[in-house]
Amino acid sequence: MREQRLHLTPRGTLVALVGNPNCGKTALFNRLTGSRQKVANYAGATVEKKEGSLPMPEGAPLRVLDLPGVYSLYPRSDDERVACDVLLGRLPGETRPDALVCVVDATNLRRGLRLVLAVKRLGLPCLVVLNMADLAAGRGLKIDPEALSNALGLPVVTSVAVHAGGDAAIRQWLFARPWTSWSPVPEAADGPQLSQEHDRIEADHAVVQGILRRLGLDSLVPDVLSDRIDRVVLHPWAGPVILLAVLFLVFQAVFAWAVVPMDFIKGCTDALANAAVQALPAGWWRDLLVQGLLAGMGGVLVFLPQILILFFFILLLEESGYLPRAAFLLDRIMGGVGLSGRSFIPLLSSFACAVPGIMATRSIANRRDRWVTILIAPLMTCSARLPVYTLLISAFIPAGTWQGMHLQGLVLLGLYLTGIAGGMAVAWVLQWLTRSGRQSRPLMMELPSYHWPTWRNLAMGLWQRAWIFLRRVGTVILLLSVALWWLASYPAAPAGALGPAIEHSYAGQIGHALQGVFAPLGFNWQISVALLTGMAAREVAIGALATVYAVVAGDGGAATALAPVLAGQWSLATGMALLAWYIFAPQCLSTLVAIHRESGSWKLPAITLLYQLALAYGAAFVTFRVVSLWA
Ligand SMILES: Nc1nc2c(ncn2[C@@H]2O[C@H](COP(=O)(O)OP(=O)(O)OP(=O)(O)O)[C@@H](O)[C@H]2O)c(=O)[nH]1
Ligand SMILES: [Mg+2]
């Protein structure tokens, strides 16, 4: 085992980026290595190590590691532990770095330099980088890198990670190997003693105070603009109103802005389907193309604009620095159900996809809080649920306005809020169950300065999202569309059989077999088939419905106009019950696997699966009964 590990350890000189959370390590890493890792304006954006490579003018490229942010070398949460293990060379399968680039937020020297002192004790060659030099200059901070270098006994350069060429000084240093000129002398002959790091904090603080005083940098320069904005945004009653208004506008936009591009994509798929029907002779492969591929993939592809609009806003909020404020505002509510604002960002990431959300819980130091957050993360509405929601909403909710508000957008917001309320209710129950071991903890969370989003990051983030979605359409959804078309078309109905041919197909048989389970919820057999395939990935359920109904409609029909078909075939109660099911139903398999990986056992994924199934079944049952009575 050991040998295998040694063998797998990559060779080459390794440089690690280390620094406080949110000081711009990942932005610098992306610049140095041409990578596209997530950059966001809050602490805890990076929770695991990432590797890239920096081409050198001569010789082999450098291996560069981006690490999660750390406040000290005394780790308190799992993401900090990863960073510290790398610095000590304790991470299995990874060698100890040959050199460190210690990134400091130039607008927050006090905190950054404390970490520099701790990193210096590791005894590795180290370059100190004062990042965000643009913001520091904007606030009138005049830092002399040379004087600071003399005071610290380490080389110091400045950088602006968000400007092209803003990493020039770092490159220059890295290119000028060997790095012996920037090696500090290790304090302890037997290597660094991390157990003592905690006791050093006070002493380091005094040393930093002394350095800042000598350099004339000890007066605090407040960020006036951010403070001014926060006076409104964090106001006890204006704050929550603004938060709700922001969410409201986002969901209105998802419907209002997407109309034109969605019509365009729909038009293209329809035109293709018609052209295929006209141009090709009738046969099984024309059916496969039109009813299987075009219906299945086109039916999902049409939701790309809505997903991109939602992500545009999520990225905008991440980059601006508003998210930690929202966490602060919600801390009181979350405290009521036994969570802290710390859980907010992992939960928010789950709106994109539960998998990164579950990974982001690594920054929660408290075990119990972390497990509860993981358990409720799947109830946050992931982006794969968006197509299912919007399909059912367009089928059953009129497109008009109510009091000037987009009715469909309002219902969508309602679905998201119901998911959140469900998550909070589950957290409350868990708090009640584990009430003996709980103590209340105050929220310790930084509020970063507001930034203008960098358009490059925004465009990159959107492109990545679009790519993930398109890749899924081109792989999983393509394969499942073909498989489903086959299941829905074969075996053909026996001669003289009554009813639609699809009833005799494999899909029909599977659907009918499952129907006993789902009939109390008002689900027909087509929905049962869609739910089964939807376990692979949520959007597949739509592809499945589109294919099944396209096969029913026959030649070239119903390629993408699924919503009116559903409206004609299902009752309102069925549509609403399916929506209720989707709010709570267990996520795709990858979520359960992620929960297993993070918790290290199958207990937590099993609990998640069972409680979500029970909730979904209950919610769909009640919805079906209530709407049936009323409609
Ligand atoms: N103006 C300005 N903004 C910067 C600079 N460097 C980074 N940022 C912004 O600062 C925020 C944090 O950047 P990240 O690269 O995610 O920080 P990080 O250190 O990797 O953060 P964690 O992964 O949470 O530890 C983002 O909004 C960046 O766009 C800079 O030099 N100038
Ligand atoms: Mg980062």
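In listed order, ligands and their atoms are each counted from 1.
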Original post:
Which atoms of ligand 1 sit under 4.0 Å from any heavy atom of G69?
Top reply: 25 (O)

Subject >> Lys/Arg N to Asp/Glu carboxylate O, E598 vs R362, below 4.0 Å >> reply: yes

Subject >> Sub-3.5 Å N/O-N/O distance, P21 and ligand 1 >> reply: no

Original post:
Taking heavy atoms and a distance under 4.0 Å, where does V39 meet ligand 1: side chain, backbone, both or neither?
Top reply: both

Subject >> N or O pair under 3.5 Å between T46 and ligand 1 >> reply: yes

Original post:
With only distance considered, is T454 within less than 3.5 Å of ligand 1 through an N or O on each side?
Top reply: no

**OP:** Would you mind running through ligand 1 and noting each atom that sits below 4.0 Å from a heavy atom of A40?
**Re:** 11 (C), 12 (C), 16 (O), 26 (C), 27 (O)

Original post:
Atom CG of N150 and atom CG of L215: how far apart are they, to the nearest 0.5 Å?
Top reply: 9.5 Å

Original post:
Against heavy atoms of A27, which atoms of ligand 1 measure under 4.0 Å?
Top reply: 7 (C), 15 (O)

**OP:** Please work out whether any backbone atom (N, CA, C, O) or any side-chain heavy atom from C-beta onward of A43 is under 4.0 Å from ligand 1, and answer side chain, backbone, both or neither.
**Re:** backbone

Subject >> K49/E51 salt bridge by N-O under 4.0 Å criterion >> reply: no

Subject >> Ligand-residue contact atoms, ligand 1 with D134, heavy atoms, under 4.0 Å >> reply: 1 (N), 2 (C), 30 (C), 31 (O), 32 (N)

**OP:** Mind listing the closest non-hydrogen atom pair of R171 and R31 along with its distance?
**Re:** NH2-O, 3.2 Å

**OP:** Can you sort out which atoms of ligand 1 are near G44, meaning under 4.0 Å from one of its heavy atoms?
**Re:** 24 (O)

Original post:
Of all the heavy atoms in F29, does at least one lie under 4.0 Å from an atom in ligand 1?
Top reply: no

**OP:** Salt-bridge test for E94 and R63: reply yes if a basic N is under 4.0 Å from a carboxylate O, no otherwise.
**Re:** yes

**OP:** If you have a sec, work out which protein heavy atom is nearest atom 25 (O) of ligand 1 and how many Å separate them, to one decimal?
**Re:** K25 NZ, 2.9 Å

Original post:
Nearest non-hydrogen atom to atom 20 (O) of ligand 1 belongs to which of T26, N131, L17?
Top reply: T26

**OP:** Do me a favour and list the nearest non-hydrogen protein atom to atom 31 (O) of ligand 1 with residue, atom name and distance?
**Re:** A161 N, 2.9 Å

Subject >> Subset of ligand 1 atoms that lie under 4.0 Å from at least one heavy atom of N22 >> reply: 11 (C), 12 (C), 17 (O), 18 (P), 19 (O), 21 (O), 22 (P), 24 (O), 25 (O)

Original post:
N/O/S of Q37 less than 2.8 Å from the Mg ion (ligand 2)?
Top reply: no

**OP:** Report the part of V160 in contact with ligand 1, treating N, CA, C, O as backbone and CB onward as side chain, heavy atoms under 4.0 Å; options are side chain, backbone, both, neither.
**Re:** both

Subject >> Atoms in ligand 1 with a heavy atom of H451 nearer than 4.0 Å >> reply: 3 (N), 9 (C), 10 (O), 27 (O)

Original post:
Shortest non-hydrogen contact from V254 to A258?
Top reply: O-CB, 3.2 Å

**OP:** Starting from atom 27 (O) of ligand 1, find the nearest protein heavy-atom neighbour and note its residue, name and distance.
**Re:** E319 OE2, 3.1 Å

Original post:
Taking N or O atoms only and a 3.5 Å limit, does S159 qualify as a polar contact for ligand 1?
Top reply: no

Subject >> ligand 1 contacted by G19 (non-hydrogen, < 4.0 Å) >> reply: no

**OP:** Check whether the side chains of R325 and Y450 place a donor and an acceptor atom closer than 3.5 Å, and report yes or no.
**Re:** yes

Original post:
Are W257 and F313 close enough that their ring centers fall under 6.0 Å?
Top reply: yes

**OP:** Output yes when R228 and D223 qualify as a salt bridge under the 4.0 Å nitrogen-oxygen rule, no when they do not.
**Re:** no

**OP:** Answer yes if the side chains of T26 and T46 hold a donor-acceptor pair under 3.5 Å, and no otherwise.
**Re:** yes

**OP:** Could you check atom 17 (O) of ligand 1 against the protein and tell me its nearest heavy-atom contact, residue, atom and distance included?
**Re:** G24 N, 3.1 Å

Subject >> side chain to side chain donor-acceptor pair (under 3.5 Å) between N22 and D105, intermediate numbers included >> reply: CA-CA 8 Å; N22 211 38; D105 174 353; over 6 Å; no

**OP:** Could you tell me the separation between the CZ atom of R213 and the CG atom of D218, rounded to the nearest 0.5 Å?
**Re:** 6.0 Å

**OP:** Please state which part of H163 comes within less than 4.0 Å of ligand 1, counting heavy atoms only: side chain, backbone, both or neither.
**Re:** neither

Subject >> Criterion side chain to side chain donor-acceptor pair (under 3.5 Å) on T13 and D98, from CA distance to verdict >> reply: CA-CA 6 Å; T13 312; D98 298 287; 4.8 Å; no

Original post:
Short check: any N/O/S atom of T26 below 2.8 Å from the Mg ion (ligand 2)?
Top reply: yes

**OP:** Below 4.0 angstrom from a heavy atom of Y42, which ligand 1 atoms are there? Numbered from 1 as shown, please.
**Re:** 24 (O)

**OP:** Inspect the contact between D204 and R121 and indicate whether a charged nitrogen and a carboxylate oxygen are less than 4.0 angstrom apart.
**Re:** yes

Original post:
Which class fits the ring pair W463 and W467: parallel under 30°, tilted 30 to 60°, perpendicular over 60°?
Top reply: parallel

